[in-house]
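To start, the structure under review is shown below, and the notes come after it.
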Amino acid sequence: MKRFLIVIGITLGSLLVIVITPLYIWSNLEQYSIYYAQHLPHKTETDPVMVAVISNLDSIDIPNAKDNGGNGLILKEGATEIFYYFDIDGLKSSYISIDYNDNPEVNIIFKRASIPKYRYEIDYIKDGNTQAYYFDKSARLKEIQKWKKTDYEGISQAITDSSLKNVKNYQNQLYGELVKQREVPKINLQSLYNLVNEGKFN
């Protein structure tokens, strides 16, 4: 009987390890994805951090943000409100939106791209007109379009050094604080993260 209980104990313990270990690894890679993305080898024009933020918005720590009563969080900073939405209508679609209460005609939105051939999109909206920046799956900036509120089609714009600076500025406003305050993993799985993700950014 004692031998039987030992066998049962070892079997149950092994099953727990087999089940819990993959769950912990998955959770770790998502929770600390910004940290891992910062240390991921990648080509200059790609942006692993941008991908990590929007892909794991429901898992990463968002300091000082509060529940907005829906599927997301809100962070209020003076005249600025930053909304973090995830799992909208069960579609796993996340986005970040900035509203300027002192200038309600301006806001910035980071989301999945509305144009199917691209993956991510940043919209700068002013007075109903939109400057849309489209990125591929590695967060390379591939196209810029300008939409007037009266138009049904966007007008393509050239990608210039100035537009790249605009993108960096919008990124900093949208999730710069998340990057600054990202957590450092207690158990570092950088090598595994690199193994899984490095090919996407080369």
Side-chain angles (χ1 to χ4, degrees), residues 4-68 70-75 82-97 109-113 116-122 135-142 167-168 171-172 174-202:
F4 174 75
L5 291 175
I6 291 172
V7 171
I8 291 295
I10 291 173
T11 303
L12 290 175
S14 299
L15 286 173
L16 282 173
V17 170
I18 290 170
V19 171
I20 291 173
T21 300
L23 290 175
Y24 172 78
I25 290 172
W26 183 266
S27 175
N28 180 296
L29 293 177
E30 287 190 340
Q31 181 179 354
Y32 303 108
S33 59
I34 294 178
Y35 174 89
Y36 293 137
Q38 286 179 303
H39 297 86
L40 179 73
H42 63 281
K43 287 188 175 177
T44 305
E45 67 272 18
T46 67
D47 193 340
V49 172
M50 180 180 183
V51 175
V53 167
I54 203 67
S55 299
N56 301 290
L57 196 58
D58 58 345
S59 300
I60 59 182
D61 181 50
I62 303 177
N64 304 316
K66 298 180 180 179
D67 193 313
N68 71 341
N71 290 345
L73 301 171
I74 181 172
L75 178 64
I82 305 179
F83 297 89
Y84 305 93
Y85 287 99
F86 32 82
D87 194 19
I88 305 303
D89 299 323
L91 299 176
K92 299 294 182 184
S93 56
S94 303
Y95 71 90
I96 302 173
S97 174
I109 302 172
F110 174 30
K111 60 184 178 181
R112 296 284 184 178
K117 63 180 177 177
Y118 298 124
R119 187 69 63 88
Y120 309 106
E121 177 180 348
I122 292 178
F135 305 81
D136 67 11
K137 63 181 181 180
S138 300
R140 291 181 178 91
L141 179 61
K142 303 298 287 186
V167 168
K168 291 297 182 185
Q171 289 172 324
N172 185 57
L174 286 159
Y175 55 82
E177 283 304 310
L178 296 185
V179 175
K180 287 180 184 177
Q181 301 186 52
R182 90 298 186 254
E183 297 178 293
V184 177
K186 296 177 178 65
I187 298 177
N188 195 312
L189 300 180
Q190 184 72 54
S191 297
L192 180 58
Y193 187 91
N194 290 359
L195 181 66
V196 173
N197 292 283
E198 193 168 356
K200 302 174 187 176
F201 300 95
N202 287 324

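Small disclaimer: the values here were computed from a predicted structure and weren't measured. These values consider heavy atoms only, across backbone and side chains, with no hydrogens, waters or symmetry-generated copies.
- With a 4.5 Å cut-off on side-chain heavy atoms, Glu121 and Arg112 do not count as touching.
- In this structure, Asn197 contributes its side chain and Leu40 its backbone to no donor-acceptor pair below 3.5 Å.
- Checking Gln171 against Asp47 by side-chain atom types alone, a donor-acceptor pair falls below 3.5 Å.
- The CG atom of Leu29 sits 9.0 Å away from the CG atom of Asn56 when rounded to the nearest 0.5 Å.
- Remark: side-chain polar atoms of Gln190 are paired, donor with acceptor, to backbone N or O of Tyr36 under 3.5 angstrom.
- Annotation: the span from Leu73 atom CG to Phe83 atom CZ amounts to 11.0 Å, rounded to 0.5 Å.
- If you take CD1 on Ile25 and OH on Tyr193, they are separated by 15.5 Å, rounding to the nearest 0.5 Å.
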key: Candidate pair Ser33 and Ile60, rule side chain to side chain contact (heavy atoms under 4.5 Å, CB included), full reasoning   = CA-CA 8 Å; Ser33 59; Ile60 59 182; 3.7 Å; yes
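- The shortest heavy-atom contact between Leu75 and Asn64 is CD1-O, 3.5 Å.
- Tyr175 places a side-chain heavy atom less than 4.5 Å from the side chain of Val49.
- Under a 3.5 Å cut-off, the side chain of Asp136 and the backbone N or O of Arg140 do form a donor-acceptor pair.
- The nearest pair of heavy atoms linking Lys137 to Tyr120 is O-CE1, 3.8 Å.
- Distance OH/Tyr85 to CG/Asp58: 15.5 Å, rounded to 0.5 Å.
- At a threshold of 4.5 Å between non-hydrogen side-chain atoms, the residues Asp61 and Gln31 do not count as touching.
- Nearest heavy-atom pair, Asn202 versus Glu198, reported as atom, atom and distance to 0.1 Å: ND2-O, 3.0 Å.
- Note on ring orientation: taking the six-membered ring where Trp is involved, the planes of Tyr35 and His39 are tilted (angle from 30° to 60°).
- With Ser138 contributing its side chain and Lys200 its backbone, the two residues share a donor-acceptor pair below 3.5 Å.
- Asn194 and Pro41 get closest at one heavy-atom pair: ND2-CD, 3.9 Å.
- Using a 4.5 Å heavy-atom cutoff, the side chains of Leu174 and Ser97 are not in contact.
- Minimum interatomic distance between Pro48 and Phe201 (heavy atoms only, all atoms of both residues): CA-CE2, 3.5 Å.
- Here the closest heavy-atom approach between residue Ile122 and residue Phe110 is recorded as CG1-CD1, 3.9 Å.
- Here the straight-line distance linking atom CD1 of Ile96 with atom CG of Leu178 works out to 6.0 Å at 0.5 Å rounding.
- Residues Val179 and Gln38 meet the side-chain proximity criterion, which asks for heavy atoms closer than 4.5 Å.
- If you take CD on Gln181 and CD1 on Ile34, they are separated by 10.5 Å, rounding to the nearest 0.5 Å.
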